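A short worksheet on the structure shown next.
Counting from 1, the numbers follow the sequence of the chain as shown. In each ligand, atom 1 is the first atom listed, and ligand 1 is the first ligand listed. No experiment lies behind these values; they were computed from the predicted model shown.
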Amino acid sequence: MALHTAFTEMFGLRHPVALAPMGGSAGGALASAVSAAGGLGLLGGGNGDADWLARELPLAAGGPRPWGVGFQSWAVGVDTVSRSLEYRPDAVLLSFGDPAPLAGPARAAGTRLIIQVTTLAEARQAIELGADVIVAQGTEAGGHGARRGWSTLAFVPVVADLAAPVPVLAAGGIADGRGLAAALALGASGALIGTRFLATAEALIDRAEQQAIIDAGGEDTERDGVLDIARGSRWPREYTARTLRHPFHDAWRDREDALAASTEAKADYRRGVASGELPRQPVWASQAIGLITGPRPAAGLVADIAAQAEDALARALGR
Ligand SMILES: Cc1cc2nc3c(=O)[nH]c(=O)nc-3n(C[C@H](O)[C@H](O)[C@H](O)COP(=O)(O)O)c2cc1C
């Protein structure tokens, strides 16, 4: 039983799996490995770092098709998206913030537009903008997402109903084939997977951070705005981030306004990072990290997730 869906059909994929465009971590090698394995590799263009894109876009573009590139809508301008389109990606994914000003160039270039949504209002806007694929992201996800978001289990079927016939991918807390099977059962046409791919040979991630993800469990993650405020990030406050727990969580949990007002606390954070007492940056990670047992090449992972999903669905049907 191969898993054929509207999403695999649209892109000619062997498996209904997309690599999440993890800013800075999903580079050209990882995107290419996922695409070569029959999934959709999406480069993590993040907030549009020009040097990073100049290095990684040619790698993805020189690899197998289809591939795409993702951006954080709140952080990039039309120029960044337009420049990336010169590499002729098969898809552009926009997340977090207003995608409307950025959708035009992708459309004009004939590139598929994927919009990741975290609330119903964002889902309705993505439908109005004519997204080719909508990613419904639940709060189990690693990295950023809605402060007042939904769990993946509750969000995906609602967005699938709303968006039909537009294919929907589920994102957030999917780290193996059982999660992919669940996504399909919820009415999604596939899964967009992030954190699981951080534990691969191809991910652009510090090896100590990778090991910390492998060693930790879901209870070691937290979702809030504490670390963004402490590090002086420009991320809009309506988006929080799920990360591995950090000493600043213990000091400032549920006191984000007080942290925002404390120049001393932010200076402490900077000093802690400079001296090596605090991690260099937040370790963004999913609630599903307990399912990640070790680093491995991305290609085998895509095939295994698909095979495990087929098995899980067959078992659920008692076959
Ligand atoms: C390290 C990391 C960085 C991320 N950066 C981005 C990003 O730049 N743009 C984006 O659309 N999503 C980003 N995400 C979120 C993913 O697109 C996706 O929603 C999430 O990884 C799915 O949940 P999972 O981690 O449980 O698989 C990031 C996720 C992680 C773990």
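Between D132 and R107 there is a salt bridge, with a side-chain nitrogen of the basic residue lying less than 4.0 Å from a carboxylate oxygen of the acidic one. Between D90 and R65 a salt bridge is recorded (basic side-chain N to carboxylate O distance below 4.0 Å). We find that D257 and R237 are joined by a salt bridge, their nearest charged nitrogen and carboxylate oxygen being less than 4.0 Å apart. Using a 4.0 Å cut-off between a side-chain N of Lys or Arg and a carboxylate O of Asp or Glu, R315 and D311 qualify as a salt bridge.
Atoms of ligand 1 found under 4.0 Å from any heavy atom of S95, numbered from 1 in the order shown, are 10 (C), 11 (O). The ligand atoms of ligand 1 that sit less than 4.0 angstrom from a heavy atom of G46 are 8 (O).
Only the side chain of Q116 comes within contact range of ligand 1, with a heavy atom under 4.0 Å; no backbone atom does. Using a 4.0 Å cut-off between heavy atoms, Q72 contacts ligand 1 through its side chain alone, with no backbone atom that close. Under 4.0 angstrom from ligand 1, the non-hydrogen atoms of F96 all belong to its side chain.
Considering backbone and side-chain N/O of G23, one or more are found under 3.5 Å from N/O of ligand 1. In terms of polar-atom proximity, G173 is counted as a contact of ligand 1, with an N or O under 3.5 Å from an N or O of the ligand. Looking at W284 next to ligand 1, no N or O pair under 3.5 Å apart turns up. Taking any N or O of S25, backbone or side chain, none lies under 3.5 Å from an N or O belonging to ligand 1.
Note that OG1 of T118 is 8.0 Å distant from CD of E238, once rounded to the nearest 0.5 Å. To the nearest 0.5 Å, atom NE2 of residue H144 and atom OG of residue S95 are 11.5 Å apart.
The nearest heavy-atom contact from the protein to atom 27 (O) of ligand 1 is G194 N, 2.8 Å. Looking only at protein heavy atoms, the nearest one to atom 4 (C) of ligand 1 is M22 CA, 3.5 Å. Here the protein heavy atom with the shortest distance to atom 25 (O) of ligand 1 is T195 OG1, 2.6 Å.
Looking only at distances, a side-chain donor or acceptor of T152 sits under 3.5 Å from a matching main-chain atom of A171. Looking only at distances, no side-chain donor or acceptor of S262 sits under 3.5 Å from a matching main-chain atom of A258.
Distances from atom 9 (N) of ligand 1 to the heavy atoms of A288, P21, S286 show the closest one on P21. Counting only non-hydrogen atoms, the option in A20, G142, A141, G143 that gets closest to atom 15 (C) of ligand 1 is G142.
A side-chain donor from one of Q125 and D98 sits under 3.5 Å from a side-chain acceptor of the other.
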